[in-house]
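Here is the naming used below: chain letters follow the sequence lines, and residue numbers restart at 1 for every chain.
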2 protein chains.
Amino acid sequence: MSIREDQVKALANETRIEVLRVLTDPARYFSAQESADPVKFGVCVHLLAAHFEVSQPTMSRHIELLKRAGFIQAKRQQKWTYCSRNEAALTDYANWLKASLSIQDA
Amino acid sequence: MSIREDQVKALANETRIEVLRVLTDPARYFSAQESADPVKFGVCVHLLAAHFEVSQPTMSRHIELLKRAGFIQAKRQQKWTYCSRNEAALTDYANWLKASLSIQDA
DNA sequence: TTGACAATTAGCATATTTGCTATATGTCTA
DNA sequence: TAGACATATAGCAAATATGCTAATTGTCAA
């Protein structure tokens with residue numbers, strides 16, 4: 001499976017898309033996170049699980065797929081894994097999609 | 001299922017992505033089509049099936065999904081169904097994806 | 001070093017996707 | 001009208017995706 005296929009598949013799920021969305025504004029959704037500043041460090045897996053009302057292992061797998069696609073990075077800090085968007089990878093993907101499908105500008 | 005979900009799912013398959021790709025240059029891949037000019041009218045389903053070496057019903061379903069996503073249009077003409085890209089829908093989708101995920105410019 | 005908590009991994013059930021063949025429908029021509 | 005050919009639909013099998021619970025691993029603090 002190529003990185004591009006991983007990326008395309010990663011976006012083929014509503015929950016994962018929503019994860020990328022809420023991570024654009026961690027302050028808005030995860031101000032309850034006390035272990036670390038959600039804006040500076042990212043959001044930990046169990047808070048994401050709680051937000052989307054899925055089990056923690058389920059969110060863990062979604063995060064794994066988003067990581068494999070390169071769309072988020074996750075850094076372990078003490079007992080938490082803080083997730084944040086990889087803006088460069090998202091931009092790169094959007095540009096690849098447009099170019100590879102020869103999609104014209106608006 | 002929303003149109004956006006249909007679109008995201010439609011792209012989550014390598015064959016369907018390739019269909020959109022080859023339809024950018026029908027002259028290159030489908031000059032053998034004699035019933036109608038592949039550039040002006042589009043490419044018929046069975047030639048697409050032959051090109052990708054899948055059965056005709058399988059290609060028919062892929063086309064159906066691409067149609068539901070709005071990415072291609074298919075017009076029946078005599079016994080053929082000519083498929084062509086819907087550039088406006090593809091552009092719209094690419095723009096939506098960028099905006100909806102807050103993806104920055106390159 | 002034990003207990004609590006976050007995260008991951010394993011294993012399973014269910015749903016969805018994707019391919020096929022067989023069959024039906026549509027369209028034209030001999 | 002019978003046939004040939006393009007397409008669509010139905011139905012099935014295999015693969016993949018997605019959710020869960022249970023169990024394991026990692027980290028820290030009492």
Side-chain angles (χ1 to χ4, degrees), chain A residues 1-2 5-20 23 26 30 32-36 38 41-69 71-84, chain B residues 1-2 5-20 26 30 32-38 41-69 71-84:
Chain A
M1 185 99 84
S2 70
E5 239 179 305
D6 283 343
Q7 293 180 325
V8 155
K9 298 270 185 192
L11 295 184
N13 175 278
E14 195 59 30
T15 300
R16 287 193 294 270
I17 287 193
E18 289 297 333
V19 167
L20 291 174
L23 288 181
F30 304 101
Q33 178 174 288
E34 297 185 345
S35 59
F41 286 83
V43 179
C44 63
V45 176
H46 80 279
L47 280 189
L48 286 166
H51 179 83
F52 289 103
E53 295 180 313
V54 296
S55 72
Q56 188 273 332
T58 293
M59 181 53 66
S60 184
R61 177 144 18 113
H62 282 314
I63 294 300
E64 164 61 26
L65 294 176
L66 286 168
K67 259 197 302 187
R68 199 191 309 168
F71 291 149
I72 69 168
Q73 54 236 0
K75 53 183 169 202
R76 183 93 187 200
Q77 195 102 21
Q78 296 164 329
K79 55 181 168 178
W80 299 281
T81 298
Y82 296 109
C83 305
S84 57
Chain B
M1 185 98 87
S2 71
E5 238 180 307
D6 283 344
Q7 293 180 325
V8 155
K9 297 268 185 192
L11 295 184
N13 175 278
E14 194 60 31
T15 299
R16 287 193 293 271
I17 286 193
E18 288 297 332
V19 167
L20 291 175
F30 303 101
Q33 178 174 287
E34 295 186 344
S35 59
D37 183 338
F41 286 82
V43 180
C44 63
V45 176
H46 80 281
L47 280 190
L48 285 167
H51 180 82
F52 290 103
E53 295 181 312
V54 296
S55 72
Q56 182 274 325
T58 293
M59 182 54 65
S60 184
R61 176 141 22 113
H62 282 313
I63 294 300
E64 165 61 26
L65 294 176
L66 286 168
K67 259 198 301 188
R68 200 192 309 168
F71 291 149
I72 69 168
Q73 53 235 0
K75 52 184 170 199
R76 183 92 187 200
Q77 195 101 23
Q78 296 164 327
K79 55 180 168 176
W80 298 279
T81 298
Y82 297 109
C83 305
S84 56

How close or far is atom [atom2] of [N] from atom [atom1] of [X], stated in whole angstroms?
| X | N | atom1 | atom2 | value |
| --- | --- | --- | --- | --- |
| B:Glu64 | C:dG19 | CD | C1' | 17 Å |
| B:Lys9 | C:dA15 | NZ | C1' | 10 Å |
| B:Met1 | C:dT17 | CE | C1' | 11 Å |
| A:Leu47 | C:dC5 | CG | C1' | 13 Å |
| B:Phe52 | C:dC20 | CZ | C1' | 19 Å |
| A:Trp80 | C:dA4 | CH2 | C1' | 12 Å |
| B:Glu34 | D:dA6 | CD | C1' | 16 Å |
| A:Lys79 | D:dT24 | NZ | C1' | 17 Å |

For A:Cys83 versus A:Leu23, what's the shortest heavy-atom pair and its separation?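 The pair with the smallest heavy-atom distance is O-CD2, 3.8 Å.
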
Considering non-hydrogen atoms only, spot the tightest contact between A:Gly42 and A:Ser84 and give its length.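 Looks like CA-CB, 4.2 Å.
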
Hey, which of these two, B:Arg61 or A:Ala74, hits DNA chain C nearer its 5' end, going by closest nucleotide?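 Taking each residue's closest nucleotide, the earlier one in sequence belongs to A:Ala74.
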
5' precedence on DNA chain D between A:His62 and A:Arg76 (nearest-nucleotide basis):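 Comparing both residues, the 5'-ward one is A:His62.
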
Minimum-distance nucleotide (side-chain atoms of B:Arg16 versus D:dA10, C:dT9, C:dT18):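 So the nucleotide nearest the side chain must be C:dT18.
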
Looking only at side-chain atoms of B:Thr15, point me to the closest of C:dG19, C:dA6, C:dA7.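 The answer is C:dG19.
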
Assign B:Thr58 to base, sugar-phosphate, or nothing according to its heavy-atom contacts below 4.0 angstrom with the strands shown.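 Answer is base: heavy atoms of B:Thr58 come under 4.0 Å of a base.
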
Remember a base hit wins even if backbone is also touched, and classify B:Gln56 as base, sugar-phosphate or nothing at under 4.0 Å, heavy atoms.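 Base, at least one base heavy atom under 4.0 Å.
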
Before you tell me yes or no, could you show the steps for B:Phe41 and B:Ser35 under side chain to side chain contact (heavy atoms under 4.5 Å, CB included), namely the whole-Å CA-CA distance, both residues' side-chain angles and the distance that decides it to 0.1 Å? CA-CA 10 Å; B:Phe41 286 82; B:Ser35 59; over 6 Å; no

Would you please confirm or rule out a distance under 4.0 Å between OP1 or OP2 of [N] and any side-chain N or O of [X]?
| X | N | answer |
| --- | --- | --- |
| A:His46 | C:dA7 | yes |
| B:Asn13 | C:dT17 | no |
| A:Ser60 | C:dT9 | no |
| A:Ser55 | D:dG19 | no |

Show your working on side chain to side chain contact (heavy atoms under 4.5 Å, CB included) between A:Leu11 and A:Phe71 and close with a plain yes or no. CA-CA 10 Å; A:Leu11 295 184; A:Phe71 291 149; 3.8 Å; yes

Do side-chain atoms of B:Glu14 reach the backbone of B:Ile17 as a donor and acceptor pair under 3.5 angstrom?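 It does not hold such a pair.
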
